[in-house]
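Below you'll find the structure I mean.
Every value quoted in this text rests on a predicted model; they were computed, and no experiment measured them.
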Amino acid sequence: ELPETVLLKFFRPENTPAPAKPTPEQLSNLIKTSLHYPESFNHSFNQKSLCLVPVTLLLSNCSQAVVDVMIDLRHKTTSSEALEIHGSFTWLGQTQYKLQLKGQEVYSLQLKACFIHTGVYNLGTPRVFAKLVDQVTLFETSQQNSMPALIIINNI
């Protein structure tokens, strides 16, 4: 004898609450960033005084929403201790970018770092700000910064 088939009934309450406003923590985790670059780079400073290293900044929209993103490369490490360890370098080209990422979109930004002498440098200086497109705010929320991104520049 076959077991009795029971119909399942799905229902949705009529008074569905409006989506809650995202918390500051959620807003600071909209965009995940990662830097892709060689761990070490060999350059002959005797032949050419400027060492240019290609760096890829990968931006991932972690939300389903459309997000406005601003990238600022002008941020410099100001603590003297960090400068002693890592030295200073410059990002070449455009210093600010504004773009819009669709939900779950991943965007790849090609950058160039410029070094004038050997050493260990922290490439983790780009500041990334983001806000939901439909959010009426005057400023974007700073995105959580990842770990230091160290690169070794060698003279050959």
Side-chain angles (χ1 to χ4, degrees), residues 8-43 50-116 118-154:
L8 292 177
K9 203 178 215 180
F10 294 97
F11 66 94
R12 192 180 71 165
E14 291 306 311
N15 57 350
T16 309
K21 198 174 153 198
T23 65
E25 185 177 339
Q26 288 170 320
L27 289 175
S28 69
N29 287 300
L30 289 172
I31 301 294
K32 182 177 172 258
T33 61
S34 61
L35 286 166
H36 298 270
Y37 57 93
E39 281 181 27
S40 66
F41 196 84
N42 296 326
H43 179 78
L50 295 180
C51 171
L52 303 181
V53 178
V55 177
T56 302
L57 174 60
L58 214 57
L59 302 151
S60 307
N61 183 352
C62 298
S63 74
Q64 299 293 335
V66 179
V67 176
D68 280 329
V69 182
M70 192 196 87
I71 299 118
D72 188 356
L73 300 177
R74 297 169 305 169
H75 181 62
K76 290 283 174 221
T77 308
T78 50
S79 74
S80 59
E81 183 186 312
L83 280 174
E84 281 172 32
I85 298 168
H86 306 301
S88 182
F89 73 97
T90 304
W91 292 108
L92 277 193
Q94 194 173 329
T95 56
Q96 283 189 313
Y97 296 85
K98 285 187 183 233
L99 42 114
Q100 202 172 74
L101 295 181
K102 296 181 184 76
Q104 303 293 310
E105 185 180 352
V106 176
Y107 185 82
S108 175
L109 190 60
Q110 302 305 316
L111 305 172
K112 274 208 186 335
C114 179
F115 306 90
I116 55 170
T118 61
V120 178
Y121 297 88
N122 179 12
L123 295 176
T125 60
R127 289 187 301 173
V128 178
F129 302 91
K131 74 178 186 64
L132 299 172
V133 165
D134 56 7
Q135 195 181 14
V136 188
T137 54
L138 295 172
F139 60 92
E140 291 95 348
T141 305
S142 180
Q143 299 303 288
Q144 300 221 325
N145 212 343
S146 54
M147 301 296 288
L150 300 180
I151 185 171
I152 301 165
I153 303 298
N154 300 306

* Do the ring planes of Tyr121 and Phe115 sit parallel (below 30°), tilted (30 to 60°) or perpendicular (above 60°)? ->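 The rings of Tyr121 and Phe115 sit tilted, inter-plane angle from 30° to 60°.
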* Can you tell me if Asn122 uses its side chain to pair, donor with acceptor, with the backbone of Pro148 under 3.5 Å? -> no
* Does the side chain of Thr33 reach to within under 4.5 Å of the side chain of Leu58, using non-hydrogen atoms? -> no
* Provide the closest heavy-atom pair for Leu123 versus Ala113 in the form atom of the first, atom of the second, distance. => CD2-CB, 4.0 Å
* Structure fact -> Applying side-chain hydrogen bond (donor to acceptor under 3.5 Å, both in side chains) to Ser63 and not counting sequence neighbours gives Asn61
* Report the residues that fulfil side chain to side chain contact (heavy atoms under 4.5 Å, CB included) with Gln96, sequence neighbours left out, ordered by chain and then residue number. =>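 By the side chain to side chain contact (heavy atoms under 4.5 Å, CB included) rule, Gln96 matches Met70, Asp72, Arg74.
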* To do: Could you pull out all residues at least two apart from Lys32 that satisfy side chain to side chain contact (heavy atoms under 4.5 Å, CB included)?
  =>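 Partners of Lys32 by the side chain to side chain contact (heavy atoms under 4.5 Å, CB included) criterion, ordered by chain and then number, come out as Ser60, Cys62.
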* Excluding sequence neighbours, so at least two apart, what forms side-chain hydrogen bond (donor to acceptor under 3.5 Å, both in side chains) with Gln100? ->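 By the side-chain hydrogen bond (donor to acceptor under 3.5 Å, both in side chains) rule, Gln100 matches Asp68.
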* Asked: Side chains of Leu111 and Tyr97: closer than 4.5 Å at any heavy-atom pair?
  -> yes
* Is there a side-chain contact between Leu109 and Ile71, using heavy atoms and a 4.5 Å cut-off? -> yes
* **Qualifying residues under side-chain hydrogen bond (donor to acceptor under 3.5 Å, both in side chains), relative to Gln110, sequence neighbours excluded** =>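 For Gln110, the residues satisfying side-chain hydrogen bond (donor to acceptor under 3.5 Å, both in side chains) (neighbours in sequence not counted) are Thr56, Ser108.
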Only pairs under 3.5 Å count here: list side-chain donor-acceptor contacts from residues 35-42, not counting sequence neighbours, and write none if there are none.
{"residue": "His36", "atom": "NE2", "partner": "Ser34", "partner atom": "OG", "Å": "3.2"}
{"residue": "Tyr37", "atom": "OH", "partner": "Leu150", "partner atom": "N", "Å": "3.2"}
{"residue": "Tyr37", "atom": "OH", "partner": "Leu150", "partner atom": "O", "Å": "3.2"}
{"residue": "Asn42", "atom": "OD1", "partner": "Asn154", "partner atom": "ND2", "Å": "3.1"}

